[in-house]
Amino acid sequence: MAVITSTATGNWNATSTWAGGAVPHDTNDDVVIANGHTVTLTGGDACKSLEVQSGGTFDGDGNMLEISGENGSGYAVNIDGAISGTDTDFDIRTPATTLIDLAATSGNVRNLVIQHASCVATMYSDVSLSGNLTITSGELTTGDGGYGYSNLTVTGHVSVTGTLTGNSSAISAGSMII
């Protein structure tokens, strides 16, 4: 298990993108996209956690990034930078209670999937998905945990066979099946 930090703009699977040439391992590495760098997925991939620092940019480029854990701060995904394009997708398979911050400085996550029976993903900020939300197992909660309540907007479809806990938050969706 390591923290893998970007040192340049480039593709996710390119050694020149990462410190020491260490491409992130599928499930063991916490990935950090540093200020000033844009990292682009070139196919479906996975990591333990993802942090996009302020000034950094993540581009899913139509590919799914599977998240299997959380970093030392308790985040499965923490986006303080930007999302490039309109086709970034996350599949959260974290077997824990975890935080997700998907409020990019620009751009939106398209699709979000929660699918681990032990996962309780708490939104740290308002979330606006340009595509779909699918909760096959586990739980997505809109707060509080000491962070306040966050609003959830899903332009596309919401499908819940797990649990969606709305608390005191505003939730809007294009369509929904529970």
Side-chain angles (χ1 to χ4, degrees), residues 1-25 27-42 45-94 96-114 121-131 133 140-155 169-170:
M1 290 187 210
V3 176
I4 307 293
T5 303
S6 66
T7 57
T9 290
N11 291 333
W12 182 277
N13 61 346
T15 57
S16 59
T17 304
W18 306 105
V23 174
H25 184 271
T27 59
N28 292 330
D29 294 326
D30 296 312
V31 176
V32 177
I33 299 174
N35 178 19
H37 302 152
T38 298
V39 177
T40 304
L41 282 180
T42 57
D45 222 313
C47 62
K48 181 179 169 201
S49 69
L50 175 69
E51 176 184 353
V52 181
Q53 294 179 340
S54 178
T57 303
F58 177 71
D59 185 353
D61 200 31
N63 302 293
M64 182 70 73
L65 182 62
E66 182 182 311
I67 307 293
S68 64
E70 62 185 10
N71 64 21
S73 298
Y75 283 89
V77 179
N78 185 7
I79 302 175
D80 291 329
I83 295 289
S84 178
T86 59
D87 55 1
T88 292
D89 304 327
F90 292 113
D91 181 350
I92 310 292
R93 296 180 182 213
T94 306
T97 298
T98 190
L99 296 171
I100 57 171
D101 180 356
L102 303 179
T105 56
S106 64
N108 289 318
V109 171
R110 178 177 59 177
N111 298 314
L112 176 63
V113 178
I114 307 290
T122 300
M123 294 170 22
Y124 182 78
S125 58
D126 290 349
V127 172
S128 181
L129 302 175
S130 62
L133 170 63
L140 176 66
T141 179
T142 60
D144 176 297
Y147 306 102
Y149 295 110
S150 301
N151 297 320
L152 174 63
T153 302
V154 181
T155 302
S169 303

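FYI, the numbering just counts along the sequence from 1.
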Out of curiosity, Ile100 CD1 to Ile92 CD1, how far, rounded to the nearest 0.5 Å? 6.0 Å
Minimal non-hydrogen separation, Ser49 against Asp30, with atom names: OG-OD1, 2.6 Å
Is the backbone of Gly74 close enough, under 3.5 Å, to the side chain of Asn71 for a donor and an acceptor to pair up by distance? yes
Would you say Thr38's side chain and Thr9's backbone share a donor-acceptor pair under 3.5 angstrom? no
Less than 4.5 Å apart, any side-chain heavy atom of Asp45 and any of Asn63? no
Is there side-chain contact between Ile67 and Cys47, with heavy atoms separated by less than 4.5 Å? yes
How about Thr105 and Ser54: do any of their side-chain heavy atoms sit closer than 4.5 Å? no
Just by modelled atom types, is the Asn108 backbone N or O under 3.5 Å from a matching donor or acceptor in the Thr86 side chain? no
Taking Thr40 for its side chain and Asn11 for its backbone only, find out whether a donor-acceptor pair lies under 3.5 Å. no
Closer than 3.5 angstrom, by distance alone: can the side chain of Asp126 be matched with the main-chain N or O of Asn151 as a donor-acceptor pair? yes
Side-chain contact, heavy-atom cut-off 4.5 Å: Ser6 with Trp12? no
Heavy-atom nearest pair, Pro24 first then Ile4, reads CG-CG2, 4.0 Å
Any side-chain heavy-atom pair of Thr27 and Lys48 under 4.5 Å: no
Are the side chains of Thr17 and Val39 in touch, meaning some heavy atoms are under 4.5 Å apart? yes
Nearest 0.5 angstrom please: Thr94 OG1 to Ile114 CD1, how far? 8.0 Å
Nearest 0.5 angstrom please: Leu129 CG to Thr88 OG1, how far? 11.5 Å
Do we see a donor-acceptor contact under 3.5 Å between the side chains of Ser125 and Asp101? yes
For Arg110 and Ser130 the tightest heavy-atom approach is CA-OG, 3.3 Å
Between Gln53 and Asp80, is there a side-chain heavy-atom distance shorter than 4.5 Å? no
Without swapping roles, check the side chain of Asn78 against the backbone of Tyr75 for a donor-acceptor pair under 3.5 Å. no
Roughly how far, to the nearest 0.5 Å, is the CG atom of Leu65 from the CG atom of Asp91? 9.0 Å
Do Leu112 and Leu102 come close enough that some side-chain heavy atom pair is under 4.5 Å? yes
Can you measure from CE (Met123) to OG1 (Thr142) and round to the nearest 0.5 angstrom? 5.5 Å
To the nearest 0.5 Å, what is the distance between CG on Asp59 and CG on Asp87? 6.0 Å
List the atom of Leu41, the atom of Gly60, and the distance in Å for their closest heavy-atom pair. CB-O, 3.6 Å
Result of checking Thr57, Ile79, Val52 against Ile33 for side-chain contact (heavy atoms from CB on, under 4.5 Å): Val52
Distance-only donor-acceptor check, side chains Thr153 and Ser128, under 3.5 Å: no
Parallel, tilted or perpendicular: ring planes of Phe58 versus Phe90, cut at 30 and 60 degrees: parallel
Please give me the minimum heavy-atom distance between Ala104 and Gly107, naming the atom from each residue. CB-O, 3.7 Å
